[in-house]
Amino acid sequence: MTALAYRIDRSSRASRIGSSVLIGLGLILATVPQFFVATVVQQLTSLFIFVILAVMWNALAGYGGLVSVGQQAFIGFGAYGTVFLAQRDVPPYLAVLLAAGASAVLAAVLAPLVLRLRGGPFAVGTWVVAETLALLVVLDHSLGGGTGVSLRGLNVFRPDERRAYTYWLALAFLVLLLGAVFVLLRGRTGAGLQAIRDDQEAAASLGVRVWPLKAGLYVLAGFGGGAAGALILANTLFIEPRSIFGVQWTAYMLFMVLVGGIGTFEGPLLGALLFFGVQYLFADYDAWYLIGLGLTAGAFALFLPRGLWSLVPVRLLPVGYHLRRDGPGVF
Amino acid sequence: MTVFPGDTVFPGDTVLDGEHLHKRYGRLHVLDDVGFTAADGEAIGIVGPNGAGKTTLLNVLAGSVTPDSGTVRLDGADVTRSGPQIRCRRGVGRAHQIPRPFGGMTVLENVLVGATYGAGLRHREAHRHSIEVLRRCELLDLANRRADTLGLLHRKRLEMARAVATRPRVLLLDEIGAGLTDAEAAELVATIRELNAGGVTVVWIEHIVHVLLQVVNRLICMDAGRVIADGEPSAVLSDAVVVDAYLGKARS
Ligand SMILES: Nc1ncnc2c1ncn2[C@@H]1O[C@H](COP(=O)(O)OP(=O)(O)O)[C@@H](O)[C@H]1O
Ligand SMILES: [Mg+2]
């Protein structure tokens, strides 16, 4: 008997094409503000923000098993952090960056508390944190209290300039965060996180450092949420505590991730695109709209638990592992 | 060390040991002053009726359960308070009685977790090692399957493969042979003997004594939270207390 040779492939032709297409797309998107009208730029900016939210929630819940319903804590904190800094004469775009960083710090502070909880109690705990933060903001009159607050300081730019800068900043955050998730999944951390998601005790018994991995992921998601919140503010220039800290963000993220494909790299991108369309068509229907989103997400969770992307037999990015037998004719 | 024919092979240094271990669940005294020593290269079997505390002892040795009192040492160093992830990286591998596969990952990815975290291997080394472990545990053909699609036999193989992938010096196996056919059990015995011959200390809880005896050179019998016999397998099995506690109950 001859020993058969095996090897493990990370990439395939599809993933090589897929990564090139994604990089190309990023480069093309970077030129949009030069060629398109203001509304397109602004709409694409909000699409990028949705993609950031979906990618972060998928990393947290889909890969790490940390099903948070309170990521709006970081969205709101990022937005209000930007306002707070801008009120103290920090240049607004710098304030956006600093507020995203501050959200990561907030997540690091909260991690020892909320990560003690798991499953349902974790979900409830994250939501309580978000509501508490919202309450604190409402009570603070210097931040506009319950009526909301505008971002000042961006009027030094012409409106089209401002939209272009915000757009590029959103695109830069998106690329950065997608890159971060890619690096996480490409390395052993991807397998470690999924192991924790599926069985935390078993993961520990195989040597996985559970606590630093979970905390690291939670901090990354906090950073992403804060960045999204700060960008929402920069894009719309006005925020109001009840909506920026609102649980509807979680409904959006659930919809995007569950419909697109939880626990896949590509799913949330697809889900965010779909959500963007849905938002465009139905956003005026208010409460029914949220209920519809929830029902659709629920239906997917029940009947197509790995989302639409599970119907596509292709992986666009080389983050998986595939065992192959070497030699001719075995592909 | 040179071994002359007829000499007794001295067991190596103590790798893993526990002393005066106690564990209570409510009023149940599950471990009652248990002592345990595994020397380098030994193959130790643990038998005893259901509820004797065998799994709990393994939990305490692996670090997934902290004893109420007593000490666990790895290479002589106190590890009573260190978690399973630390003990695993320092050489304690563990397979659970009820397999706990990572259902959302492939068989290969399950094994890679052990190779990259437990054994600390990187990139191609981790890949090569994982392929070798899959081959040894006869899982190559299922490598790309999601673990939640596996049947019991393959779940058991995966449970052991993952533990082996961590490159353990001590391998703790909990009823890994239960429910297997004779042919499957024979394959398992061959795999474990091969590991033991390669220097891995084996601690194996199993009810099927005749299978166990093909591997172990020492047998421990537990009953009601206590070690009631420990020594050469045939001596332990003929011990009156063991016959009474274990075989008596097994027959009833
Ligand atoms: N986490 C736990 N909580 C309560 N009781 C437990 C727990 N784990 C084990 N036990 C009890 O401890 C006893 C010993 O269990 P175990 O160590 O699994 O025995 P064995 O593996 O020898 O069958 C059993 O009566 C079992 O019900
Ligand atoms: Mg047991």
Side-chain angles (χ1 to χ4, degrees), chain A residues 1 3-12 58 61-65 184-214 261-264 267 305-307 310 313 315 318-326 330-331, chain B residues 59 62-65 83-96 99-124 126-128 130-132 134-135 139-145 147-148 159 162-163 165-168 172:
Chain A
M1 200 183 88
L4 293 165
Y6 289 84
R7 73 191 149 84
I8 293 172
D9 279 348
R10 305 295 314 266
S11 58
S12 61
N58 179 52
Y63 284 106
L184 272 185
L185 295 182
R186 174 87 184 161
R188 68 171 182 171
T189 38
L193 284 170
Q194 293 177 74
I196 294 172
R197 171 197 68 196
D198 289 348
D199 189 332
Q200 182 167 316
E201 279 72 33
S205 79
L206 293 177
V208 177
R209 294 171 172 88
V210 171
W211 160 248
L213 273 184
K214 279 171 88 165
I262 190 165
T264 64
R306 271 167 275 157
S310 66
R315 297 289 157 261
V319 291
Y321 300 84
H322 199 87
L323 185 76
R324 279 186 201 288
R325 207 155 83 185
D326 268 336
V330 284
F331 291 90
Chain B
N59 285 340
S64 53
V65 162
Q85 62 268 48
I86 295 170
R87 294 192 208 180
C88 174
R89 290 198 300 273
R90 286 168 59 177
V92 180
R94 194 260 164 93
H96 297 88
R100 307 178 71 154
F102 305 127
M105 306 168 72
T106 65
V107 168
L108 169 63
E109 287 165 345
N110 269 262
V111 170
L112 275 165
V113 171
T116 52
Y117 282 94
L121 299 172
R122 293 295 176 135
H123 311 292
R124 292 205 177 281
H127 294 187
R128 217 175 300 128
S130 297
I131 291 170
E132 173 55 25
L134 288 170
R135 187 199 59 73
L139 284 168
L140 273 175
D141 292 339
L142 297 171
N144 299 319
R145 276 265 292 275
D148 58 6
E159 185 67 27
R162 278 190 331 195
T166 67
R167 285 210 167 143
L172 309 175

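Below, chains carry the letters A, B, ... as their sequence lines are ordered, and counting in each starts from 1.
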[X], part contacting chain A, at a heavy-atom distance under 4.5 Å:
X	value
B:R87	neither
B:S64	neither
B:H96	side chain
B:L140	both

- Query: Which residue out of B:G104, B:P101, B:G114, B:G118 racks up the most heavy-atom pairs below 4.5 Å with chain A?
  - Reply: B:G104

- Query: Out of B:R90, B:R94, B:M105, B:E109, which one racks up the most heavy-atom pairs below 4.5 Å with chain A?
  - Reply: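 Ranked by contacts with chain A, first place is B:M105.
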
Report yes if the side chains of [X] and [Y] come closer than 4.5 Å at any heavy-atom pair, otherwise no.
X	Y	result
A:Y321	B:L112	yes
B:R128	A:R7	no
A:R188	B:H123	no
A:E201	B:P84	no
B:N144	A:H322	yes
B:Y117	A:V208	yes

- Task: Find the distance between CZ (A:R209) and CD (B:Q85) and round it off to the nearest 0.5 Å.
- Result: 8.5 Å

- Nearest-0.5 Å distance that lies between atom OG in A:S205 and atom CZ in B:R162: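 One finds 6.5 Å between OG of A:S205 and CZ of B:R162.
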
- Main-chain N/O of A:G207 paired with B:R89 side-chain donor or acceptor, under 3.5 Å: yes

Indicate the atoms forming the closest heavy-atom contact of [X] with [Y], along with that distance.
X	Y	answer
B:C88	A:A204	CB-O, 4.4 Å
B:R100	A:A202	O-CB, 3.8 Å
B:F102	A:D199	CE2-O, 3.5 Å

- Query: For the side chain to side chain contact (heavy atoms under 4.5 Å, CB included) test, which of B:D141, B:L142, B:I131, B:V107 pairs with A:L323?
  - Reply: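 One option only clears the test, and that one is B:I131.
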
- Let me know if A:L213 has heavy atoms under 4.5 Å from chain B in its side chain, its backbone, both or neither. side chain

